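These numbers come from a predicted model, not from an experiment.
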Amino acid sequence: PATLLLRPRLAADRHVCIPQMTEQVPRVTPTFDETLRMLHTSAEAAAEQVGRLRKGETTAPSPNPAVPTGDGDPSRVFLVGVGPGDIELLTVKAVRLMATADLVLYDRLIAPEILELVSPTAAMLYVGKEAGYHTRPQEEIHELLLHFANAGRTVLRLKGGDPTVFGRGGEEMEYLERQGVPVTVVPGITAASGVAAQLGVPLTHRDYADSVRFITGHARSECTTPVEERYSWEQLADPKMTLVIYMGLSTLPELCAGLEEAGLPA
C-alpha cells in the first residue's frame, strides 16, 4: 500500500504520497482449469515481477504442469507480510515460510529479489492488482486460497507491507476461518513505518506526537459517501497526533482541504 505521511512540525513538513490502486473487476476471469495452468515457479515469478514493477506489464505466466495435491498435515494458510520492499526488512519467519511453501499466491508490490527467496519447487500464482486492472476479484482469491488449502498443502499469501493494514488480510482470514481453515498471520513492516524510517521522521515523539492514526484515502468501490463527509476532520487535525494516509493520492485535494478547514496548518 502507498502512504501519505502527515506529522506534527518537528521542522519543515514532509509529505510522501505514492499512487493508489483502484477497485475494478477484470473483464474476463480465468476458469479454474486455466488458473491451474497459470501456476509457475518462483524463478519465473521473480522475472515477471521485474517486468511489472520496472519495465511495464508482461505477458501471462508460463504454465506449470502440476498442482500440488495429496495427503499430509492439516491444511494451513499463512498471510505473510513482506514489508515495504527492502529484502533486509523481512522477518525470519517470513523467509522460513517462503523456503518451505508448497503454493504461493502473491501480489504486485513485491520486489523480485523477495520472490527469489521462495522455494524453487513451490507453485506460484500471481493475483496482483493495479490501477485499472485486477487480475482477479477478491472473492475469487478467497476461493482459490480455500481450494488449495483443502488440498492439504502449505499455502502462502504474500502481501506487501503488513497483510492486515489496508491489505485485505482481514477479509481473507475471516473467509477462511468460516470454512474451518486455520490461518496464521505473519506481520510485516507496514508502509507507514517504512516511509517514516526512510525520512527519519518518528511516528511518535514525547514532545510533539503522543499518538498515531492510520486512515485510507481510498474507500470501497461501492462507497458513495463523498470524501468531505467521510471523516471526522476535527479529530484528524489533532496537532499532537501523527496522521498517516494510505492510498490518498487521488483524493489528496479533498483530504488537504478537510484538514485545513479543521485548523491544521497548511
Determine all donor-acceptor pairs shorter than 3.5 Å in which one atom belongs to a side chain in residues 90-100; sequence neighbours excluded.
{"unit_1": "Thr91", "atom_1": "OG1", "unit_2": "Ala94", "atom_2": "N", "d": "3.0"}
{"unit_1": "Thr100", "atom_1": "OG1", "unit_2": "Arg96", "atom_2": "O", "d": "3.1"}
{"unit_1": "Thr100", "atom_1": "OG1", "unit_2": "Leu97", "atom_2": "O", "d": "3.4"}

Test side-chain contact (heavy atoms from CB on, under 4.5 Å) applied to Leu53 and Leu109, step by step: CA-CA 7 Å; Leu53 299 180; Leu109 295 178; 4.1 Å; yes
Salt bridge (Lys or Arg N to Asp or Glu O under 4.0 Å) involving Glu260 - partner list, sequence neighbours excluded: none
side-chain hydrogen bond (donor to acceptor under 3.5 Å, both in side chains) partners of [X], counting only residues at least two apart:
X	answer
Thr164	Asp162
Thr154	none
Ser193	none
Gln138	Lys129, His142, Arg168, Glu172

By side-chain contact (heavy atoms from CB on, under 4.5 Å), which residues pair with [X], not counting sequence neighbours?
X	value
Glu34	Pro30, Thr31, Arg37
Asp210	Lys240
Glu229	Thr225, Pro226
Glu254	Val227, Glu228, Thr251

Chi angles and distances behind the side-chain contact (heavy atoms from CB on, under 4.5 Å) call for Tyr106, Lys159: CA-CA 6 Å; Tyr106 63 100; Lys159 295 174 175 286; over 6 Å; no
Closest non-hydrogen atom pair between Leu79 and Pro163, with its separation: O-CG, 3.7 Å
Taking every non-hydrogen atom, the tightest pair across Ile189 and Pro84: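 Ile189 and Pro84 have their closest heavy atoms at O-CD, 3.5 Å.
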Show me the side-chain donor-acceptor pairs of residues 173-187 shorter than 3.5 Å, one per line, residues at least two apart or across chains.
{"unit_1": "Thr184", "atom_1": "OG1", "unit_2": "Arg76", "atom_2": "NH2", "d": "2.0"}

Side-chain H-bond candidate by donor/acceptor type, Tyr246 with Thr190, under 3.5 Å: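 A donor-acceptor contact under 3.5 Å links the two side chains.
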Modelled atom types, side-chain donor and acceptor of Arg213 and Gln235, under 3.5 Å: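 Note: Arg213 and Gln235 side chains meet the donor-acceptor criterion.
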side-chain contact (heavy atoms from CB on, under 4.5 Å) assessment of Arg136 paired with Thr35: CA-CA 10 Å; Arg136 299 171 189 279; Thr35 295; 2.9 Å; yes
Ring-face cation contact, Tyr126 with Arg52, 6.0 Å cut, 45° max: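 Arg52 over Tyr126 ring: yes.
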Ring pair (Phe, Tyr, Trp, His ring centres under 6.0 Å): pairs with one or both residues in residues 177-196, sequence neighbours excluded: none
